[in-house]
Novice: 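The structure's right below; bear with me while I get my questions together.
All figures in this text were calculated on a predicted structure; none of them were measured in a lab. Here, residue 1 is the first one in the sequence, and each next residue gets the next number.
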Amino acid sequence: MRRRPSPKTVLAIASLGAAVAFLDATIVNIAFPDIARSFHGTSISTLSWVLNAYNIVFAAFLMAAARIADLLGRRRVFIFGLELFTLGSLLCAIAPSVEALIAFRVVQALGAAFLVPSALALVLNAFPPAHRAHGVALLSAVGAGCSSLLQTGASCSS
């Protein structure tokens with residue numbers, strides 16, 4: 001019989017997955033001036049798609065990804081999302097053009113869309129009913145903390 005991981009372990013791993021998804025939604029705001037310098041001569045309207053592509057795709061696929069996690073298994077979908085997100089991140093790092101960067105951000109966003117609902121489902125499944133609210137609150141706090149930390153950093157560096 002296989003031993004299940006502790007709720008704390010599941011929470012830590014799920015929080016890490018959710019954190020990278022939310023972190024990546026805001027980190028580009030800080031990197032935007034460097035991205036603009038890397039793709040010199042690209043219009044701001046085109047560069048804005050580096051930000052917008054991620055947010056639109058992430059939001060559009062959250063519900064579908066949650067259903068897929070229910071059908072195929074939460075753990076499997078979480079791992080797939082993490083792998084897809086990592087692949088997208090690596091591709092973003094070597095993007096030869098702004099168009100490629102935008103396409104690779106879409107790949108990242110799809111990975112993130114698989115990560116977030118499956119992370120929540122893993123936490124819900126790992127904690128006993130009496131402690132589920134606590135687990136979900138901690139998962140939410142990590143995601144919100146990552147986003148707000150970067151928002152604060154972005155406004156401080158502007």
Novice: How about CZ on R75, more than 12 heavy atoms from neighbouring residues, nucleotides or ligands closer than 6.0 Å, or not?
Specialist: no

Novice: Using 0.5 Å steps for rounding, measure from the CZ atom of F85 to the CG atom of L115.
Specialist: 7.5 Å

Novice: Rounded at 0.5 Å granularity, tell me how far CD in Q108 sits from CG in L84.
Specialist: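 Those atoms lie 9.5 Å apart.
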
Novice: OG1 of T26 to CG of L51: how many Å apart, nearest 0.5 Å?
Specialist: 10.0 Å

Novice: Set out, in order, the CA-CA distance, both residues' side-chain angles and the distance that settles side chain to side chain contact (heavy atoms under 4.5 Å, CB included) for V123 and R132, then state yes or no.
Specialist: CA-CA 8 Å; V123 169; R132 280 190 185 138; over 6 Å; no

Novice: Any link between Y54 and V20 through a network of hydrophobic side chains (Ile, Leu, Val, Met, Phe, Trp, Tyr) touching at under 4.5 Å?
Specialist: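 Both belong to a single hydrophobic cluster.
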
Novice: Give me the atom names and distance for the closest heavy-atom approach of F32 to I44.
Specialist: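 Scanning both residues completely, I find the closest heavy atoms to be CE2-CD1, 4.3 Å.
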
Novice: Could you go step by step and tell me if R37 and D34 meet the side chain to side chain contact (heavy atoms under 4.5 Å, CB included) rule?
Specialist: CA-CA 5 Å; R37 281 192 291 278; D34 291 327; 2.3 Å; yes

Novice: Measure across A95 and F104 and return the closest heavy-atom pair with its distance rounded to 0.1 Å.
Specialist: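 Closest heavy-atom pair between A95 and F104: CB-CD1, 4.0 Å.
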
Novice: Write down the atom of V107, the atom of G88, and the distance for their closest heavy-atom approach.
Specialist: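 For V107 versus G88, the nearest heavy atoms are CG1-CA, 3.7 Å.
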
Novice: Is there a path from V57 to V28 through hydrophobic residues (I, L, V, M, F, W, Y) whose side chains come within less than 4.5 Å of each other?
Specialist: no

Novice: Just by modelled atom types, is the P5 backbone N or O under 3.5 Å from a matching donor or acceptor in the T9 side chain?
Specialist: no

Novice: Looking at A113 and L62, what are the two nearest heavy atoms and their distance?
Specialist: O-CD2, 3.9 Å

Novice: Linking I/L/V/M/F/W/Y whenever their side-chain heavy atoms sit closer than 4.5 Å, directly or via other members, would V106 and I68 fall into one cluster?
Specialist: yes

Novice: Walk me through it: do F80 and L72 pass the test side chain to side chain contact (heavy atoms under 4.5 Å, CB included)?
Specialist: CA-CA 11 Å; F80 172 74; L72 299 180; over 6 Å; no

Novice: Could you state the interatomic distance from CG (L139) to OG (S15), rounded to the nearest 0.5 Å?
Specialist: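 The CG atom of L139 sits 4.5 Å away from the OG atom of S15.
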
Novice: Search all heavy atoms of C92 against all heavy atoms of R105 and return the closest pair with its distance.
Specialist: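 For C92 and R105, the tightest heavy-atom pair comes out as SG-N, 3.8 Å.
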
Novice: To check you understand the geometry: which heavy-atom pair defines the closest contact between V77 and A69, and what is its length?
Specialist: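 Smallest interatomic distance, heavy atoms only, reads CG2-CA, 3.5 Å.
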
Novice: Starting at CZ of F78, measure out to CG of L120 and round the result to the nearest 0.5 Å.
Specialist: 11.5 Å

Novice: Indicate whether the side chain of S43 and that of T46 have a donor and an acceptor atom separated by less than 3.5 Å.
Specialist: yes

Novice: Verify whether one side chain among S45 and S48 offers a donor that lies under 3.5 Å from an acceptor in the other.
Specialist: no

Novice: Nearest 0.5 Å please: distance from the CD1 atom of I30 over to the CD1 atom of I27.
Specialist: 4.5 Å

Novice: Is the closest side-chain heavy-atom distance between L82 and F114 below 4.5 Å?
Specialist: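 Not in contact.
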
Novice: F22 vs F58, test: side chain to side chain contact (heavy atoms under 4.5 Å, CB included). Steps then yes/no.
Specialist: CA-CA 10 Å; F22 290 122; F58 177 61; 4.0 Å; yes

Novice: Could you check whether atom CZ of F61 has more than 12 heavy atoms from other residues, nucleotides or ligands sitting under 6.0 Å from it?
Specialist: no

Novice: Please determine whether residues I102 and I56 belong to a single hydrophobic cluster, defined as Ile, Leu, Val, Met, Phe, Trp and Tyr linked transitively by side-chain heavy-atom distances below 4.5 Å.
Specialist: yes

Novice: Test L101 against every option in V50, L91, I94 by the side-chain contact (heavy atoms from CB on, under 4.5 Å) rule and name the one that passes.
Specialist: V50

